[in-house]
Every structure is written in structure tokens, then in C-alpha cells.
Amino acid sequence: MPENRFSCALVGAASFDADHFSAEHFDKAIAVDGGFSSLCAIGVTPDFALGDFDSLGHVPQGVPIERHPVMKDDSDTALALEWALAHDMREVAVYGALGGRLDHTLATLSALVGAARAGMHAVAVGEGNVVVALAGGMSLEIAAKNTGTFSVFSAPDASCGLTERGPLYEVENATLRNDVTLGLSNEFVGKPVSISLEQGAVVVVLPRMPLSDILIG
């Protein structure tokens, strides 16, 4: 599988998979609020820091920053994704944005969907998972795995034209609604898996794997 090169890592304040981050290569590492401490703890100086810095408890020194008010309409993760898009970084990996508070995790999933709809290839890594959002017209290829499961959930009321080839349960041109659990726990069976979507948006929950094992198109 061709390497999918993620140019930028955004690191937030939730649990940080430092081993996964360190095994990847990024042109830029952006600290999102408390993610500044996570990066510094492994000896990485962020290229930029963004957020309201309420989780961090202080405004970072020694790096360029973009400070936002605590009272705002978007999460720091959503603002960081918008910043990346504005700086033409369209392949982005988000760390430290899953786990902890459930509402924050749900907000991260919403932000990933918004990023996909804006044309970004964005993934979130953490809590033993890699999460990918696909908007209509996008596809995902996953390297062959002998074991493990993945799940696909619709973000809007319905997502149409969902096709999954290669797993135990193959799907062709299906409609997935967000009030059913049909997309839960498909299985890898030693073959590459491809997932494509015609309309809507879905969140794909994968097991932890190198980013080079996935290709978003």
C-alpha cells in the first residue's frame, strides 16, 4: 500500500499515545492547549500552540501561539483543524483528543466529520484506536489484517452508497442510519479492506495501527 503521508500532528490534552506519535513522521507538531505538556514530556518542542489554554493552566512561552477565549463556540480541536486547513495542511493526525470526558470525545468525532466535509484527510489516534471520518465521495483503504474488528457509524441521519469490500461481512451500496448499530464490529480476515461512501458522512473506528496502513482517498 502506498504510504499515506500525514504532514501535521495536532496534540490535545486527553490521553496521549506517545509511542504511536514517536513512530510516525510529521512535518509539524501543533500543541492544542494541554497537548503542549504532552509534547514537552517526550522532548518535542511544538511548532505552534493553539487554544484557550485552560487545560494547560498557562500560556506557553517560546513558541508562536494563537490564543482563543475560554467562552467560544468551538472546541480547541475543531479550531486546530480549521487552523490546519487554513494553512493548507489537509492530511492531519489528531492525538490526545479521544478518551477522558465522553462529551469531548463526541466533540472530536464531530470535528473530524466537519474536517472531512471540508476536504481534509483527518484521523484521530488514541485509546487503542485510529478513527477516520469519511464524507460522501471519499474512500478508505486498510492494509490486510489477520485479526481484529472495525466499525462504521453514520454521522447524519442517513449515509448512502456505503460499500465495504474485503472484511468478513461485505457491504454493497448500503444505507446506514445513525439510529441503528448495523455497522458495529465487522472483522478483518487477512485481506485488504476498502470502504467507500457516496453520500453523507461516516466515522470508521479501527484498531490501533501505523498510519501507513491506511490510505484515504
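Excluded from the calculations below are hydrogen atoms, water molecules and symmetry mates; all remaining heavy atoms, backbone and side chain alike, are included.
Contact between Pro156 and Ala201 at its shortest, heavy atoms only, is CD-O, 3.1 Å. When every heavy atom of Asp74 is checked against every heavy atom of Glu82, the shortest pair comes out as OD2-OE2, 3.9 Å. Considering all non-hydrogen atoms of both residues, Leu112 and Ala122 come closest at CD2-CB, 3.9 Å. Of all heavy-atom pairs between Thr108 and Ala97, the closest is OG1-O, 2.8 Å. The two residues Pro207 and Thr149 come nearest to each other via the heavy atoms CD-O, 3.2 Å. Heavy atoms only, all atoms of each residue included: Thr105 and Gly99 are closest at OG1-N, 3.0 Å.
Hydrophobic clustering (ILVMFWY, side-chain heavy atoms < 4.5 Å, transitive): Leu215 and Val205 are in distinct clusters. Residues Leu81 and Ile214 are members of separate hydrophobic clusters, defined by side-chain heavy-atom contacts under 4.5 angstrom among Ile, Leu, Val, Met, Phe, Trp and Tyr. Hydrophobic clustering keeps Val123 apart from Val203 (ILVMFWY residues linked when any side-chain heavy atoms are closer than 4.5 Å, directly or through intermediates). Connection of Phe6 to Met209 is established within a shared hydrophobic cluster, with ILVMFWY side chains joined at heavy-atom distances below 4.5 Å, either directly or through further cluster members. Residues Val32 and Trp83 share a hydrophobic cluster, clusters being chains of Ile/Leu/Val/Met/Phe/Trp/Tyr side chains in contact below 4.5 Å.
Contact annotation: the side chain of Ser37 approaches that of Leu56 to within less than 4.5 Å [non-hydrogen atoms, C-beta and beyond]. Looking only at side-chain heavy atoms (C-beta outward), Phe36 and Pro46 come within less than 4.5 Å of each other. Contact of the Leu211 side chain with the His20 side chain is registered, since non-hydrogen atoms from C-beta on lie closer than 4.5 Å. Side-chain contact between Asn186 and Leu168 is present, with heavy atoms from C-beta onward closer than 4.5 Å. Side chains of Met138 and His121 form a contact here, defined as non-hydrogen atoms less than 4.5 Å apart. When side chains are defined from C-beta on, Leu10 counts as touching Val92, because their heavy atoms get closer than 4.5 Å. Taking 4.5 Å as the limit, some side-chain heavy atom of Phe150 sits within range of a side-chain heavy atom of Val193. Residues Val63 and Pro60 have side chains in contact (heavy-atom distance under 4.5 Å, counting atoms from C-beta outward).
For the 3.5 Å distance criterion, the side chains of Ser154 and Ser159 qualify, holding a donor opposite an acceptor.
Note: Tyr95 and Phe21 have perpendicular aromatic rings, judged against thresholds of 30 and 60 degrees for the angle between ring planes.
Between the Thr163 side chain and the Asn173 main chain, a donor and an acceptor come within less than 3.5 Å of each other. Between the side chain of Glu198 and the backbone N or O of Leu162, no donor-acceptor pair lies under 3.5 Å. Although no hydrogens or angles enter the test, the distance criterion places no donor-acceptor pair under 3.5 Å between the side chain of Ser75 and the main chain of Ala107. Not one N or O on the side chain of Glu141 forms a donor-acceptor pair closer than 3.5 Å with the backbone of Ser139. Remark: the backbone N or O of Val131 is not paired with any side-chain donor or acceptor of Asn129 at under 3.5 angstrom. Listed for the Asp47 side chain is a donor-acceptor partner under 3.5 Å among the backbone atoms of Ala29.
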Test Glu91 against Met120 for side chain to side chain contact (heavy atoms under 4.5 Å, CB included), laying out the working first.
-> CA-CA 6 Å; Glu91 293 184 330; Met120 297 181 72; over 6 Å; no
Can you check side chain to side chain contact (heavy atoms under 4.5 Å, CB included) on Phe188 and Asn146, steps first, answer last?
-> CA-CA 6 Å; Phe188 294 103; Asn146 291 325; over 6 Å; no
Asp54 vs Asp33, side chain to side chain contact (heavy atoms under 4.5 Å, CB included): CA-CA, chis, key distance, verdict = CA-CA 7 Å; Asp54 61 344; Asp33 201 314; 2.9 Å; yes
Would Glu187 and Thr147 count as a side chain to side chain contact (heavy atoms under 4.5 Å, CB included) if you check the C-alpha gap in whole Å, the side-chain angles of each, and the deciding distance to 0.1 Å?
-> CA-CA 7 Å; Glu187 297 184 24; Thr147 60; over 6 Å; no
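Glu127 and Arg208 are not joined by a salt bridge, as no carboxylate oxygen comes within less than 4.0 angstrom of a charged side-chain nitrogen.
Leu85 contributes atom CG, which lies 5.0 Å from atom CZ of Arg90 (distance to the nearest 0.5 angstrom). If you take CG on Leu98 and OG on Ser15, they are separated by 7.5 Å, rounding to the nearest 0.5 Å. Taking CG of Leu182 as the start and OG of Ser151 as the end, the distance is 10.5 Å to the nearest 0.5 Å. The structure places NE2 of His87 at 8.5 Å from CD1 of Ile30, a figure rounded to the nearest 0.5 Å. To the nearest 0.5 Å, atoms CD1 (Ile142) and CD1 (Ile195) are separated by 4.0 Å. Taking CG of Asp157 as the start and CG of Leu176 as the end, the distance is 11.5 Å to the nearest 0.5 Å.
For Phe53, the ring pair (Phe, Tyr, Trp, His ring centres under 6.0 Å) criterion is met by no residue, not counting sequence neighbours.
Shown are Val202, Asn178, Thr181, Leu184; of these, the side chain to side chain contact (heavy atoms under 4.5 Å, CB included) with Phe153 is made only by Leu184.
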